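Treat the numbers as computed from the prediction; the structure is a model and nothing was measured.
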Amino acid sequence: MKEQDIIDGLKPICKCKGIRKSVFLKHMKAGLRTVEALQKATGAGTGSCKGKHCTERIKELIRNHPG
Ligand code: FES
């Protein structure tokens with residue numbers, strides 16, 4: 001893994017719950033491909049903003065990492 005990928009993986013996707021990008025990527029590698037499934041698996045979207053900030057980021061993540 002490239003250094004930049006590691007640094008990138010540390011960035012939180014869901015800031016309310018502090019869930020990092022790498023956690024989402026792990027679940028996506030395991031086959032989860034929808035916002036709902038990823039939120040359920042990670043707990044994202046259950047923070048104080050109720051997913052207002054992270055839902056779009058999760059969608060983007062799915063778009064940027066096809067299949
Ligand atoms: S950023 Fe995910 S619930 Fe607020």
Side-chain angles (χ1 to χ4, degrees):
M1 197 189 271
K2 280 185 278 171
E3 194 178 326
Q4 188 54 46
D5 289 341
I6 297 168
I7 295 165
D8 208 41
L10 295 175
K11 289 185 185 155
I13 293 291
C14 176
K15 287 196 175 158
C16 296
K17 305 291 271 186
I19 308 165
R20 298 176 194 285
K21 185 175 172 180
S22 57
V23 176
F24 286 88
L25 294 179
K26 193 184 79 191
H27 286 293
M28 286 166 70
K29 265 200 190 126
L32 302 186
R33 302 295 310 167
T34 65
V35 173
E36 293 74 22
L38 286 164
Q39 285 179 329
K40 205 169 160 200
T42 61
T46 59
S48 54
C49 84
K50 301 272 179 261
K52 209 169 134 219
H53 297 294
C54 57
T55 302
E56 263 320 301
R57 283 177 217 254
I58 298 169
K59 282 185 192 165
E60 199 182 303
L61 211 55
I62 295 169
R63 272 199 304 273
N64 291 343
H65 295 80

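We find that Glu60 and Arg57 are not joined by a salt bridge, their nearest charged nitrogen and carboxylate oxygen being 4.0 Å or further apart.
Of all heavy-atom pairs between Arg33 and His65, the closest is NH2-O, 2.8 Å. What you find for Arg20 and Leu10 is that their closest heavy atoms are NH1-O, 2.6 Å. For the residue pair Ala44 and Ile58, the shortest heavy atom distance occurs at CB-CD1, 4.1 Å. Nearest approach of Met28 to Leu61, heavy atoms of both residues: CE-O, 3.6 Å. Across all their heavy atoms, Thr55 and Gln39 have their closest contact at OG1-NE2, 3.3 Å. Taking each heavy atom of Cys49 and Cys16 in turn, the nearest pair found is N-SG, 3.6 Å.
Interatomic distance, Ser22 OG to Lys29 NZ, rounded to the nearest 0.5 Å: 10.0 Å.
Put simply, the side chain of Lys40 does not reach to within 4.5 Å of the side chain of Glu36, judged on heavy atoms.
At most 12 heavy atoms of other shown residues, nucleotides or ligands fall within 6.0 angstrom of atom NZ in Lys15.
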Before you tell me yes or no, could you show the steps for Leu32 and Leu38 under side chain to side chain contact (heavy atoms under 4.5 Å, CB included), namely the whole-Å CA-CA distance, both residues' side-chain angles and the distance that decides it to 0.1 Å? CA-CA 6 Å; Leu32 302 186; Leu38 286 164; 3.9 Å; yes
